[in-house]
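All values below were derived from every heavy atom in this structure, side-chain atoms included, with hydrogens, water molecules and symmetry-related copies excluded. For ligands, and for the atoms within them, numbers begin at 1 and follow the listed sequence.
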Amino acid sequence: MSLDVKSWKIAAAREAAGLVKDGMVVGLGSGTTMVELVKNLSKRKIKGVIFVPASVMIEKAAKRVGLKLGTLGDHDELDLTIDGADEVDQNFNMIKGHGGAHAREKIIAKAARRVVIVVDSTKLVRKLGERFPVPVEVLPFSASFIENDLIRLGGHPKLRKEGAKKTYVTDNGNYILDVKFHRIQNPAKLECEINCLPGVIENGIFVGLTDAVIVGHEGGVTTIRSKRDFLKRI
Ligand code: 5RP
């Protein structure tokens, strides 16, 4: 099987763009799949749609193609949020935040009446943690202190870097600890345990926030709405 992941992302993003209808307020997540979505949206004849971006990166991409932007302050309920993910399991639990934007992405997911996740098929996993670490956004002041707590929770934290020496800084001015947990048995419990540590802003485990997953794969695009659909795809 040839792994043409980029074309799978483009195909899935095209499908997701079709969900955006005139007059909607739509939350936009972050990442390369979302950039493909934004490019596709710019070619569509949609009227009166306002997009609420979750990161500086996607805000710039949306501005570049002329999409109309708003803020969560102006629109506290979103009709739809579309976002990417790093891992998705059969219960639609996810790991997000490889792009460092998961704190705001969780907010626009919570604020939306419907959340649709757009991925290529390499992102579907049997257990969260199989491939990606859990990104944990922390106050810079508390980073080394929190590392010990994350080790106590069974994780292996690593401070995210940008290049060889520079520490990665989020859009919110914080650091990220990428924490490898291998196979996560109870995502909901771990999400809460991590967020209870003082100094943690938000972690990248998303539970119960997804209505459907659009998957680009070899030979086409499938919309997954149930565990049964998921198991047919993995
Ligand atoms: C950013 C995210 C992204 O949605 C996730 O990393 C997927 O990115 P990509 O579409 O580039 O594979 O959570 O914080």
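Side-chain atoms of D86 come within 3.5 Å of backbone N or O of G97 as a donor-acceptor pair.
Counting only residues at least two apart or on different chains, the salt bridge (charged side-chain N to carboxylate O under 4.0 Å, His left out) pairs with a member in residues 141-160 are D149-R152, R160-D178.
Within 4.0 Å of ligand 1, the residues that place a heavy atom are K9, S30, G31, T32, T33, D83, G84, A85, D86, K96, G97, H98, G99, G100, A101, H102, E105, K123, listed by chain and number.
Residues I234 and V125 come closest through the heavy atom pair CD1-C, 3.6 Å.
Considering only residues two or more places apart in sequence or on other chains, E15 meets the side chain to side chain donor-acceptor pair (under 3.5 Å) condition with none of them. Partners of N195 according to the side chain to side chain donor-acceptor pair (under 3.5 Å) rule, which considers only residues two or more places apart in sequence or in another chain, are E202, N203.
Heavy-atom contacts from other residues, nucleotides or ligands closer than 6.0 Å to NZ of K6 number 12 or fewer.
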